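Read through the structure below, which is laid out as structure tokens, and then see the notes.
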Amino acid sequence: MSISGSDVDFISQVVRARSAIVLDRSKEYLIESRLVTLARERGDASVTELVAKLRQQPSGPLRDQVVEAMTTNETSFFRDAHPFKALSDEMLPQLLVQRGRERSLNIWCAACSSGQEPYTIAMLIQELIGADPSWRVRLVATDIDTKMLARTKEGIYNQFEVNRGLPARLLVRYFARHGMNYQIDGRLRAMVETKFLNLAESFPPMPACDVVFLRNVLIYFDVDTKRAILGQVKKVIKPDGYLFLGGAETTMNVDDAWERQTVGRATVYRPR
Ligand SMILES: C[S@@+](CC[C@H](N)C(=O)[O-])C[C@H]1O[C@@H](n2cnc3c(N)ncnc32)[C@H](O)[C@@H]1O
């Protein structure tokens, strides 16, 4: 190890204070390897130098770079398949009837990473509603990581990323070649509104949501943070809305204000 124990503790503390991400001593290797990459990108001579700079300015822009370096951005199109099948076969058709009068839908994809999740939802909406101008669909994609938000906005994916989970017919229908990569259609990019939102803080004003995707992010937090986030989500979700969590996440024993339902082969949570 070229990083000292006290530097590991300091980094964990800074990252947790800003993002609520828990990095304990078992994550020493991850912390070090990500800081090595960041120090190299920034031109710092070593991780020790980078940490020393952070100690001098623990809440400046370097803090945000360190937090971004510590986030795990693993994602893919149609990740876990079942939630998206339930969304397109059950929830969206029902919501289109239930919201038929106001013709408006608000969907929030919290912790959107590089955008495959919001664009999966955008493709499903496009398949169902098509170009019907009478519907106003607001699809908000948020994350703490500004690099990921920039990637989401750009909507450019490499061959490996489009090979993971994206059906060939949707690749053909909604993407165009962009050099060696693929860029998602401008219509779908225009549907997705990207925004910085730190789940560990008070949420900024959000539209009342019909569906919230909060997947594969609660796992990084302690139980009190999970409870606080679920409490805030409860305030922005409509009383008949749907909340999707990741496969390893649940509201059980965290916040009993949610009722677990099975829709098809997906698990979804509804406000009680
Ligand atoms: C593993 S990805 C999940 C992506 C997507 N939801 C999925 O399930 O495929 C976790 C994301 O959570 C974001 N994240 C971590 N801490 C956060 C926080 N405090 N507020 C908002 N986003 C956060 C990370 O930047 C990362 O993009």
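These figures come from a predicted structure and were not determined experimentally. All ligand and atom numbering here is 1-based and tracks the order in the structure. The figures that follow rest on heavy atoms only: side chains count, while hydrogens, waters and symmetry mates do not.
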Please classify the [X] to ligand 1 contact at 4.0 Å (heavy-atom distances, strictly less than): side chain, backbone, both or neither.
X	value
Asn216	both
Phe221	side chain
Arg79	side chain
Asn198	both

Trp108/Thr142 under side chain to side chain donor-acceptor pair (under 3.5 Å): CA gap, chis, key distance, verdict: CA-CA 8 Å; Trp108 176 24; Thr142 65; 2.9 Å; yes
For [atom], the protein heavy atom that lies nearest, with its residue and separation:
atom	value
atom 17 (C) of ligand 1	Ile144 CG2, 3.6 Å
atom 9 (O) of ligand 1	Thr75 OG1, 2.6 Å
atom 6 (N) of ligand 1	Ala111 O, 2.8 Å

Ser19 touching ligand 1 at heavy-atom level, < 4.0 angstrom: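 Judged by the 4.0 Å heavy-atom criterion, Ser19 does count as contacting ligand 1.
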[X]: numbered ligand 1 atoms lying under 4.0 Å from its heavy atoms:
X	answer
Leu199	18 (C), 19 (N), 20 (N), 21 (C)
Asn73	24 (C), 25 (O), 26 (C), 27 (O)
Ser113	4 (C), 27 (O)
Ile21	15 (C), 16 (N)

SB check Lys195 Asp143 (cutoff 4.0 Å):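 Not counted as a salt bridge, because no side-chain N and carboxylate O are separated by less than 4.0 Å.
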Note: Asp185-Arg187 ion pair, threshold 4.0 Å (strictly below):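 Salt bridge flag = yes for Arg187 with Asp185.
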Using distance alone, with no hydrogens and no angle criterion, decide if [X] and [Y] have a side-chain donor and acceptor under 3.5 Å apart.
X	Y	value
Glu127	Tyr174	yes
Arg42	Gln65	yes
Gln57	Ser59	no
Tyr242	Glu90	no

Option with minimal heavy-atom separation from atom 2 (S) of ligand 1, where the choices are Thr225, Leu218, Thr72: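 The nearest heavy atom belongs to Thr72.
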Identity of the nearest option to atom 11 (C) of ligand 1, non-hydrogen atoms only, from Asp143, Thr71, Asp145, Leu197: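 Nearest heavy atom to atom 11 (C) of ligand 1 lies in Asp143.
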Geometric class of the Tyr157/Phe77 ring pair [parallel <30°, tilted 30-60°, perpendicular >60°]: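 Geometry flag for Tyr157 against Phe77: perpendicular rings.
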Test of proximity, Val217 against ligand 1: N or O pairs below 3.5 Å: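 N/O-N/O distance under 3.5 Å: no.
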N/O separation below 3.5 Å, Ala110 to ligand 1: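 N/O-N/O distance below 3.5 Å does not exist for this pair.
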Arg34 side chain vs Thr71 backbone, donor-acceptor pair below 3.5 Å: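 Judged by distance alone, yes, a pair lies under 3.5 Å.
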Side-chain (Thr267) to main-chain (Thr262) donor-acceptor, under 3.5 angstrom: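 Absent.
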